[in-house]
Amino acid sequence: MPDYDLLLLRFGEITLKGRNRSRFEKAALSHVKALLHAFPRTEAWKDYGRIYVVLNGEPAQQIIQVLKNVFGVMSICPVKIVPSQLDDIIAAATSFIQDRPEIRETTFKVSARRVWKGFPYSSLEMNKLVSKPILESVPGLTVDVHHPAVDLRVEIREEETYLYSEVIRAAGGFPLGTNGKAMLLLSGGIDSPVAGWSAMRRGLEIECVHFHSYPFTSKKAEEKVIDLARVLSGYAGKIKIHLVPFTEIQTVLAQSGHDNLIITLMRRSMLRIATRLAENNGALALVTGDSLGQVASQTLSSMNVIGRATNLPLLRPLVMSDKEEIINTAHQIGTYDLSILPYEDCCTLFVPKSPATNPNLNVVERIESSLTQLDGLIEEAVKGTETLLIQPGEAINRDSEEEPVVQEKWF
Ligand code: ATP
Ligand code: MG
């Protein structure tokens, strides 16, 4: 493995967005700088649509793993820096390839670029001058100028020359917060954390809302959701979570006697509360982990009746994704193992035998207006919401004593 000196970070699609470009690049750079606090010798700046991170001896591989999570960054190239002298470039390029034993019996090419026009050899001449000694010294290597397995870039600048070949994919999307703020309805399931990460990748700042039915749901279940928020905070630096007491609303809805509509009714109340919290916290949209057809409450018909409980845009990043794709992303972003912990959610406590897949909006609205106490309870739930600021770091120790879940019936 070559000893890298610098990381070169490239932006994705944001470079296309003319006027916003500078704002986006600044946001990505400040995210990078925040993550580099843990590596105090590094220096970072941006120039012409790239971010440069000088390592000054800090560990390249570890930093790459961290910076891969910066939204808006499309790729990372680890770079070796050499003096802009022909002999130095040739010697370093040769050992750059020799030091990587995986590059044998394969195809390669050299792509030189003369950024500094004062350098005495043209790019074409450099391609030949650099590739010749490499071909002679590395067995089994052949040149393929069209589809090489290894493309060795030689970027010649006045002060120094950059050598790099590896292009590591990063998160892509838009830098954090550059597209505004949204409220994520975060359950303890697999889907909503993935939806939250997808929303963040589109440049949304996220605050989380979680509905709990303590004491019917346990403190452990709540800790699990806080831990999920903590994983998400690793992509944002910090994240707020609003914990909403939902027990009374759930009890009233359960007592209304409309078994098959209970999930529809619960979701609508959740959306109302989340909308109020969004308004109070300057968020302009709600995000959920709904995926079309996955369960009864996620049929088109259910989504329609549920979605009408809010005037805010309801964003469902996973709506067209297959479960397998969602699970893959959950593994990738580090939420899967937490999501499958077997703590109950307020909705799993009460699963009707035959939940409505085709609820009727008029019927649902009539039930709600017959529940005269509902508006007041929604108001109280908003007032009783507890807000925590979560930061990356140690997960909650789950070995602490469990508080008993009250296994009473709902009605
Ligand atoms: P998830 O895996 O995210 O729980 P799911 O497939 O289990 O999703 P549902 O349980 O029907 O689906 O929930 C649909 C969406 O409603 C969730 O993705 C989440 O956004 C929201 N939601 C459900 N329960 C809660 C809760 N207790 N607190 C906050 N949001 C919730
Ligand atoms: Mg769920």
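Counting starts at 1 for both ligands and their atoms, in listed order. The chain is numbered in sequence order, starting from 1.
One finds a salt bridge joining Glu368 and Arg272 here, because a Lys/Arg side-chain nitrogen approaches an Asp/Glu carboxylate oxygen to under 4.0 Å. Looking at Arg114 and Glu155, no side-chain N of the basic residue comes within less than 4.0 Å of a carboxylate O on the acidic one, giving no salt bridge. The pair Lys80-Asp3 does not meet the salt-bridge criterion, since no charged nitrogen lies less than 4.0 angstrom from a carboxylate oxygen. With respect to the salt-bridge test (charged N to carboxylate O, under 4.0 angstrom), the residues Glu223 and Lys219 do not qualify.
For the pair Thr288 and ligand 1, the shortest N or O to N or O distance does not fall below 3.5 Å. Geometrically, ligand 1 and Gly289 share a nitrogen or oxygen pair separated by less than 3.5 Å. Inclusion of Val287 in the set of residues having an N or O under 3.5 Å from an N or O of ligand 1 is not warranted. The shortest N or O to N or O distance between Met270 and ligand 1 is not below 3.5 Å. The distance criterion of under 3.5 Å between nitrogen or oxygen atoms is met by Ile190 with respect to ligand 1. For ligand 1, the polar-atom distance check finds no N/O of Lys323 at less than 3.5 Å from any of the ligand's N/O atoms.
Contact detail for Lys240 and Asn281: the closest heavy-atom pair is NZ-OD1, 4.5 Å. Minimum interatomic distance between Leu55 and Tyr4 (heavy atoms only, all atoms of both residues): CD1-O, 3.6 Å.
Comparing Asp290, Leu185, Val244, Leu318 by heavy-atom distance to atom 14 (C) of ligand 1, the nearest is Asp290.
If you look at His212 next to ligand 1, there are no close heavy atoms at all, none under 4.0 Å. Only backbone heavy atoms of Leu186 (N, CA, C or O) come within less than 4.0 Å of ligand 1; its side chain stays farther off.
Phe11 and Phe24 have their aromatic ring centers separated by at least 6.0 angstrom.
Distances below 4.0 Å separate heavy atoms of Val209 from the following atoms of ligand 1: 29 (C).
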